[in-house]
Structure formats: C-alpha cells, structure tokens
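If you're wondering where the values come from, they're calculated on a predicted model, not measured in any experiment. Every chain is numbered from 1 and lettered A, B, ... according to where its sequence line falls, protein lines coming before strand lines.
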2 protein chains.
Amino acid sequence: MNIGEISGKSGLPAKTIRYYEDIGLITPQRSENGYRRFSDTDLHKLTFLGRARALGFSIEDCRTLMAMYEDESRASSDVKLVATEHLNRIDEKIAQLQSMRSTLSHLVSECAGDNRPDCPILNDLACGKS
Amino acid sequence: MNIGEISGKSGLPAKTIRYYEDIGLITPQRSENGYRRFSDTDLHKLTFLGRARALGFSIEDCRTLMAMYEDESRASSDVKLVATEHLNRIDEKIAQLQSMRSTLSHLVSECAGDNRPDCPILNDLACGKS
DNA sequence: ATAAAGCTTCCCGCCATGGGAAGGTCAAGC
DNA sequence: GCTTGACCTTCCCATGGCGGGAAGCTTTAT
C-alpha cells in the first residue's frame with residue numbers, strides 16, 4: 001500500500017501519517033523508488049491511533065497506549081489509569097467551558113442587541129460589572 | 001508604571017503584555033531608559049483583555065471587542081453577534097468533549113483494572129468493539 | 001510523448017504564549 | 001564607589017498536531 005491508499009483506508013490525512021512516522025509511532029518500509037510501503041499491521045496501528053485521537057488522547061498518550069497494546073503482559077489497571085487521567089482532564093475542560101458558557105450566556109441574554117450603543121457585555125468586560 | 005507593576009495589577013504575565021504590544025493590542029509609551037511606561041488607560045485595556053480572554057474569546061475577537069468598546073457609536077447588536085458566535089463555538093466544544101467523555105467513561109467502567117492483561121479499552125481502540 | 005496524479009523532502013505557519021540567554025538599568029546596602 | 005540583586009530590554013526557540021505549499025521525483029493514463 002502506498003500512502004494514498006492507506007490514507008483512504010485509515011481515514012487519516014497523508015500529512016498526518018508522515019508525521020506519525022516522523023515521531024516514531026509507525027515505521028513503514030520503503031519501496032525501491034523511495035515510496036513508503038505500508039503493511040496491514042501499519043493500517044491496524046493507524047486505525048488504533050485514529051480512534052485514540054478521536055477520544056482526545058494526546059500523541060504521547062497514544063504512544064503509551066500502543067506500547068501497552070503490544071505488550072501482552074501489561075496489566076489492565078495500567079491502561080485504566082491512563083484512561084482515567086484523560087477522563088479527568090476532559091471533565092476539567094468541560095467544567096471550564098461550562099463556566100465560560102454560563103457567564104457568557106447570561107451576558108448575551110442581557111444585551112438588547114439593537115441599534116443603541118449601550119451594551120452590558122462590554123460593560124462587564126470593562127468594569128467587571130454586568 | 002513599569003511592566004512588573006502593571007503585570008501585578010492586571011494579573012497578566014509580563015510576557016503576555018509584551019506580546020499584546022507586539023500584535024498591536026496596546027501601545028504603551030517608553031521612558032528615556034527604554035522601559036515601557038504604562039498609563040491607567042493601558043491598565044484598563046489589559047484588564048479588559050484579561051477578562052475577555054478568560055471568557056475564551058480569541059485574540060482577534062478581543063481586538064474586535066476592544067475596538068467596539070472604544071467606538072461609542074457601534075450598535076449593541078454588533079457586540080452581541082460576536083458574543084453569540086463565540087457562545088456557539090463553546091457549545092460545540094462542550095458537545096464534542098461530552099461525546100468523548102461518554103465513550104471513554106463507558107470504556108473505563110468496563111475495564112476491570114486488575115493485574116490481568118485483558119482490557120476492553122485497548123480492545124475498543126484496536127477493533128472498534130467494546 | 002506528454003500530461004496528470006501521486007509520491008518525496010523541506011520549510012514555514014498556526015495560536016497564545018513560556019523559557020531562557022545576553023545584556024542594559026536602577027535602588028539598596030557596605 | 002562598588003557590588004549585589006531585582007528589574008527591564010530584545011532575541012530566538014519551543015510547545016501540539018498538524019496544514020499549506022514549493023521543488024522535484026515516479027508512475028500511470030492518454
């Protein structure tokens with residue numbers, strides 16, 4: 001498989017696949033013409049990476065998870081720890097965004113949104129008062 | 001005011017304040033020795049920027065909002081539009097994170113987290129099956 | 001034969017800073 | 001006066017995870 005084909009099958013852009021090789025997540029072989037030649041194992045790894053990234057895991061987490069996946073002797077508790085930490089980070093981000101959302105939606109609802117210049121959103125940003 | 005003092009008062013790191021000058025959000029004067037000299041107006045602007053950033057507005061949004069704040073004749077509907085668009089982006093992000101959270105917390109709850117190697121989290125990443 | 005598609009490497013850009021080096025300036029203490 | 005330390009300056013590099021695009025190969029289709 002050349003990069004275009006595996007890009008289609010894995011759903012990852014060619015740029016991303018080259019990047020993953022650069023940082024050592026995959027190590028495809030090379031054909032005589034210098035083209036990357038991907039195996040089914042590579043496809044499997046890229047699919048794994050795509051799914052992990054879709055769940056928001058960082059590249060370094062992905063590296064760890066892939067290593068665990070290939071290490072038959074790791075304990076499931078190790079995997080669970082990585083996933084739980086990531087889950088906590090997600091919860092923190094959600095809380096942060098919801099806090100923003102709460103303040104902002106309050107301000108938006110207070111703003112008349114008409115042709116007059118007076119605006120509680122700007123007033124709040126300027127003075128901390130809504 | 002030197003940069004250290006206004007940094008303390010505004011709550012923004014000196015690095016950030018220099019960056020904001022670089023990109024033209026503020027234009028502090030200079031003393032004879034080359035030090036930046038900040039006025040109360042600068043402090044006011046930085047406080048405005050800090051609050052807007054805390055609400056998640058991008059730098060470009062902040063630039064727009066500051067311009068609107070200084071333009072006495074703008075309509076509040078203009079401000080409301082910027083804020084509403086930002087609110088929508090926040091809602092999208094929250095939805096994305098909650099979708100991740102949902103999948104991930106399900107996987108975590110299925111994982112025994114013991115010394116055995118079998119792990120539904122990795123199985124899902126590898127095969128798309130939980 | 002030629003054009004188009006696909007592949008390669010390389011380098012720059014994003015966003016909003018943070019870290020740190022090399023060097024000028026100022027206030028306090030001896 | 002001299003030193004020490006705190007403060008300031010500019011400059012360049014790094015982050016994460018790629019995307020865009022140039023310059024130049026190879027392969028494929030017409």
Handout entry: Per A:I59 side chain, nearest of listed nucleotides C:dT17, D:dG17, D:dT9
Key = D:dG17

Exercise for the section: Would you kindly give the CD1-to-P distance between B:I17 and C:dA16, to the nearest whole Å? Expected result: 17 Å

Practice task
Taking only the side-chain heavy atoms of A:Y19 (C-beta and beyond), determine which of D:dG17, D:dT9, C:dT17 contains the nearest atom.
Solution key: D:dG17

Completion exercise
Tightest non-hydrogen contact, residues B:L65 and A:L122, listed as O-CD2, 3.8 Å

Practice task
Return the value, rounded to whole Å, for the distance between atom CD1 of B:I6 and atom C1' of D:dT9.
Solution key: 17 Å

Fill in the blank from the handout: On DNA chain C, more 5' by nearest nucleotide between A:E21 and B:F57 is A:E21

Practice task
Take A:T64 and A:D61 through the test side chain to side chain donor-acceptor pair (under 3.5 Å) and record every step on the way to the result.
Solution key: CA-CA 5 Å; A:T64 305; A:D61 278 350; 5.0 Å; no

Handout entry: A:E60 and A:R63 ion-paired at < 4.0 Å
Key = yes

Handout entry: side chain to side chain contact (heavy atoms under 4.5 Å, CB included) evaluation trace for B:E110 with B:I121
Key = CA-CA 8 Å; B:E110 298 256 306; B:I121 301 173; over 6 Å; no

Problem - Selection from D:dG19, C:dT8, D:dT10 that lies nearest to any side-chain heavy atom of A:R18 - result: C:dT8

Exercise for the section: Select base, sugar-phosphate, or nothing to describe what A:R37 touches, counting heavy atoms under 4.0 Å on all strands. Expected result: nothing

Exercise for the section: Would you mind reading off the distance between B:E32 atom CD and C:dT25 atom P, rounded to a whole angstrom? Expected result: 12 Å

Fill in the blank from the handout: Bend of the helix from C:dA1-D:dT30 to C:dC30-D:dG1 from end-axis comparison, five pairs per end, nearest 10°, comes to 20°

Practice task
Output yes when A:E21 and A:R18 qualify as a salt bridge under the 4.0 Å nitrogen-oxygen rule, no when they do not.
Solution key: no

Problem - Sidechain N-carboxylate O distance under 4.0 Å for B:R116, B:D118 - result: no

Handout entry: Whole angstrom value for the distance that separates P of D:dT10 from CG of B:D22
Key = 9 Å

Practice task
Scan B:R36 against the nucleic acid and name what it touches under 4.0 Å (heavy atoms): base, sugar-phosphate only, or nothing.
Solution key: sugar-phosphate

Handout entry: Length of the CD1-C1' vector between B:I26 and C:dT17, whole Å
Key = 14 Å

Practice task
Please report, rounded to the nearest Å, how far the P atom of D:dC7 is from the CE atom of B:M1.
Solution key: 16 Å

Exercise for the section: Could you verify whether a donor N or O on one side chain and an acceptor N or O on the other, from A:S77 and B:N115, lie under 3.5 Å apart? Expected result: no

Problem - Under-4.0 Å side-chain N/O to phosphate OP1/OP2 contact, A:T16 with D:dG17 - result: no

Problem - d(CZ, A:F38; C1', C:dT8) in whole Å - result: 12 Å

Problem - Nearest-nucleotide pick for A:I3, side chain only, options being C:dT8, D:dT9, D:dC18 - result: C:dT8

Polar atom pairs (N or O), protein with nucleotides 22-30 of chain D, under 3.5 Å:
residue	atom	partner	partner atom	Å
D:dT27	OP1	A:N33	ND2	3.4

Practice task
Please say whether more than 12 non-hydrogen atoms of neighbouring residues, nucleotides or ligands are located less than 6.0 Å from CG in A:D22.
Solution key: yes

Practice task
Please state how far atom CD in B:E5 lies from atom C1' in D:dC7, giving the value in whole angstrom units.
Solution key: 12 Å

Exercise for the section: Would you tell me if any nitrogen or oxygen in the side chain of B:Y20 comes within less than 4.0 Å of OP1 or OP2 on C:dT17? Expected result: yes

Fill in the blank from the handout: Separation between CE (B:M68) and OG (B:S76), nearest 0.5 Å, reads 10.5 Å

Exercise for the section: Could you tell me the separation between the NZ atom of B:K45 and the CD atom of B:E70, rounded to the nearest 0.5 Å? Expected result: 4.5 Å

